[in-house]
Every structure is written in structure tokens, then in C-alpha cells.
Amino acid sequence: MGLAGVGRHRVDAAATSRANRGWWDGAADEYQSEHGEFLRDAGFVWGPEGLDEADARLLGDVAGRDVLEIGCGAGQCGRWLAGQGARVAAFDLSFRQLQHSGRIDLEAGSALPVVQADAEVLPFADQTFDLACSAYGALPFVADAGAVLAEIHRVLRPGGLLVFSVSHPVRWAFPDDPGPAGLTSDRSYFDRSAYVEIGEDGRPSYVEHHRTMADWVGLVTASGLVLRGLTEPEWPPGHDREWGGWSPLRGHHLPGTAIFTCARWTTPVR
């Protein structure tokens, strides 16, 4: 399907889910071809800056832990976690992305358990997991991030940890341009309308939602989770890879990724 236009709009949950399922199904082949080497078949990269969980250890020791990967794509992070001794379950909205996970499993001789699901309604029982994680999966692409965080709270055991990365909120005030044009703010940071691509049928074909840093903190705490830490990866020396609006030029001036570390209350929040 061709692209009829782009803009900033309000888009509800049903339209967002339909658009992004279709977009990722259509884009998965190109995405994995372009970024698969950087992500590795079994590797945990938190974002385009290349911060690796093997070095960052934001999840701590995962051996023997039950871990949920949210918005797993082709399962690269989950496969790495399994290699560290974790018991992993993973899900994604896109069936085509999960087919790539199956392809990698066949090639690597691995077997990552995956399921197709919407992050706003998780198909898992209460208090099933010790850890949950997401590297740019699901949370930037849902209309109701609060519902997702509430679902994650539900499936985490008391004392469990959630760590997730999203585009740094400040990036939304700048053009998505890796060059000099991307260094000058041309829109309001406080405009919460989503970035929307419209297909030739007049309906949204891709949706990404913007939330300010305060919005994210408020959503985390409202879900009953406790914010334990915030990581803003710096662009590392020698890393010259461009990815959309991410680049060495912008990375030396602006944070591109925000990583939130959250814990589930051990007692219910009133």
C-alpha cells in the first residue's frame, strides 16, 4: 500500500493496533535485512546507540529467572537472555516478525517460545514473570501505554523488574533527520499528537505515539510500578552507524534513547 501523507494526529487504540500490525508485517523483511547484523541473531541492544545488555546489566543476573520480552521482533533479545540461562517467553504484534524469529531458530538450532499478541491485553497469567523487558518494543507504538504498564504489573511477581527503552521524549521536538537539520527544534515538545502515516485508503498505516518524560514517569507510577532508574545512553566513540534520525552528529548533542528501570511493588498500591 502506498503512502498518501504524514502528519501529527490523535489516533485511538484500535486504529493504532491495526495500522502497526500491518506496517510491521509489511516492513519486517526489510527491517531484518537492514538491521539484523547490528542486532545479531542472539544479542540484546537497547537502542541505536548500541548500548549492550551484556555490558549494561540493567536486568541483573537473569539465570534461572522467568523473563517476558515485550514486542520481541525477531526475538534477538530473548534469544540472548535464554543463552544466559533465563526461561524466556516473548511476543510481538507482527506475525511476519515472529516468522523471522522462527527462521533464526531454524538456522541457529534454538527454540525461543513466541506468541502473537497485543501488548494492551497480555495472554499470560498473573504473577508469571520475575523480569520483563522491551527494547523499543510495543510501548512507543500503542495508544494506551498505561494499559500496557498495568498489564506488565499484573504479570510480574512482587519485587519483579521491568526495564524498557523508547525514543527519548526530547527527540520529538526535533526533525527526524540525522544531519544538521535535525539539530534545530521546529515543533513543540508538549504536542502529544502522534506521528501518523496515512495510506492510500485514507486510514493510518503507521502510528508512533509521543509522551513527555513527565508523562512516562506518571504512567509508570500510576500502574503501581516504582521508577528505580533512568538511563540516557551517550553516543559511543567510533560508532558511525546511522539509523533513521539517529547519527553520531545528533548523538553527540541530543539524547536519542531513554531506558526506564521499574520495579513492582511488593504490596498492593492503594
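The shown structure was predicted, so the numbers you read here are calculated from the model rather than taken from an experiment.
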Is a side-chain donor-acceptor pair under 3.5 Å present for [Y] with [X]?
{"X": "Arg241", "Y": "His35", "value": "yes"}
{"X": "Ser94", "Y": "Asp92", "value": "no"}
{"X": "Gln32", "Y": "Gln76", "value": "yes"}
{"X": "His210", "Y": "Ser193", "value": "no"}

Of all the heavy-atom pairs spanning [X] and [Y], show the shortest one and how long it is.
{"X": "Leu98", "Y": "Cys72", "answer": "CD2-SG, 3.7 Å"}
{"X": "Leu249", "Y": "Pro180", "answer": "CD2-N, 3.6 Å"}
{"X": "Pro169", "Y": "Trp216", "answer": "CG-CD1, 4.0 Å"}
{"X": "Gly47", "Y": "Thr257", "answer": "CA-OG1, 4.3 Å"}
{"X": "Pro48", "Y": "His239", "answer": "O-NE2, 2.8 Å"}
{"X": "Val62", "Y": "Gln84", "answer": "CG2-CB, 3.5 Å"}

Problem - Qualifying side chain to side chain donor-acceptor pair (under 3.5 Å) pairs with a residue from residues 154-170, counting only residues at least two apart or across chains - result: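 Passing the test, one end in residues 154-170: Asp66-Arg157, Asp126-Arg154, Asp130-Arg157, Glu151-Arg154, His168-Glu232.
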Handout entry: Residue pairs passing the side chain to side chain donor-acceptor pair (under 3.5 Å) test where at least one lies in residues 245-254, sequence neighbours excluded
Key =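 Sorted result for residues 245-254: empty, none.
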[X] [atom1] to [Y] [atom2] distance, which is reported to the nearest 0.5 Å:
{"X": "Leu58", "Y": "Trp46", "atom1": "CG", "atom2": "CH2", "answer": "6.0 Å"}
{"X": "Glu49", "Y": "Trp243", "atom1": "CD", "atom2": "CH2", "answer": "10.5 Å"}
{"X": "Leu156", "Y": "Leu149", "atom1": "CG", "atom2": "CG", "answer": "10.5 Å"}
{"X": "Asn20", "Y": "Tyr206", "atom1": "CG", "atom2": "OH", "answer": "6.5 Å"}
{"X": "Cys262", "Y": "Leu162", "atom1": "SG", "atom2": "CG", "answer": "4.5 Å"}
{"X": "Leu131", "Y": "Arg65", "atom1": "CG", "atom2": "CZ", "answer": "4.5 Å"}

Practice task
Not counting sequence neighbours, list each pair that qualifies as a salt bridge (charged side-chain N to carboxylate O under 4.0 Å, His left out) and has a residue in residues 12-36.
Solution key: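 Sorted pair list: Asp29-Arg96.
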Hey, does the side chain of [X] reach the backbone of [Y] with a donor-acceptor pair shorter than 3.5 angstrom?
{"X": "Ser223", "Y": "Val220", "answer": "yes"}
{"X": "Ser134", "Y": "Phe164", "answer": "no"}
{"X": "His209", "Y": "Thr16", "answer": "no"}
{"X": "Arg79", "Y": "Ala74", "answer": "yes"}
{"X": "Thr231", "Y": "Pro233", "answer": "no"}

Practice task
Name all pairs fulfilling the ring-ring contact (aromatic ring centres under 6.0 Å, His included) condition that reach into residues 74-126, sequence neighbours left out, sorted by first residue then second.
Solution key: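 Non-adjacent pairs meeting ring-ring contact (aromatic ring centres under 6.0 Å, His included): Phe124-Phe129.
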Of all residues at least two apart in sequence or in a different chain, which pass the salt bridge (Lys or Arg N to Asp or Glu O under 4.0 Å) check with [X]?
{"X": "Asp215", "value": "Arg192"}
{"X": "Asp52", "value": "Arg40"}
{"X": "Glu107", "value": "Arg103"}

Exercise for the section: Establish, yes or no, whether a centroid distance under 6.0 Å links the rings of Trp24 and Tyr31. Expected result: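 Yes - the distance between ring centres of Trp24 and Tyr31 falls below the 6.0 Å cut-off.
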Practice task
Run the ring-centre check on Phe174 versus Trp172 and record whether the distance is less than 6.0 Å.
Solution key: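 Ring centres of Trp172 and Phe174 not closer than 6.0 Å.
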Check: [Y] and [X] side chains under 4.5 Å, non-hydrogen atoms:
{"X": "Val45", "Y": "Phe38", "answer": "yes"}
{"X": "Trp265", "Y": "Val226", "answer": "yes"}
{"X": "Glu197", "Y": "Trp23", "answer": "yes"}
{"X": "Pro255", "Y": "Val170", "answer": "yes"}

Problem - Leu59 vs Glu53, side-chain contact (heavy atoms from CB on, under 4.5 Å): CA-CA, chis, key distance, verdict - result: CA-CA 8 Å; Leu59 292 167; Glu53 175 60 11; 3.4 Å; yes
Handout entry: Atom CD of Glu234 with >12 non-hydrogen neighbours under 6.0 angstrom
Key =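 No, the 6.0 Å shell around CD holds no more than 12 heavy atoms from other groups.
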Practice task
Determine, stepwise, if the pair Ile198 / Val6 fulfils side-chain contact (heavy atoms from CB on, under 4.5 Å).
Solution key: CA-CA 6 Å; Ile198 304 296; Val6 300; over 6 Å; no
For [X], which residues count as a side-chain hydrogen bond (donor to acceptor under 3.5 Å, both in side chains) partner, sequence neighbours excluded?
{"X": "Thr128", "value": "none"}
{"X": "Asp118", "value": "Ser17"}
{"X": "Gln116", "value": "none"}

Exercise for the section: Would you kindly confirm whether Leu112 and Leu68 end up in one hydrophobic cluster when ILVMFWY residues are joined by side chain heavy atoms under 4.5 Å apart? Expected result: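 No; tracing contacts between hydrophobic side chains, which count when under 4.5 Å, never links both residues.
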Exercise for the section: Report the residues that fulfil side chain to side chain contact (heavy atoms under 4.5 Å, CB included) with Pro175, sequence neighbours left out, ordered by chain and then residue number. Expected result: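 Partners of Pro175 by the side chain to side chain contact (heavy atoms under 4.5 Å, CB included) criterion, ordered by chain and then number, come out as Asp177, Asp186, Arg187.
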Problem - Set of residues satisfying side chain to side chain contact (heavy atoms under 4.5 Å, CB included) with respect to Ala263, sequence neighbours excluded - result: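 Per chain and number, Ala263 pairs via side chain to side chain contact (heavy atoms under 4.5 Å, CB included) with Leu161, Arg228.
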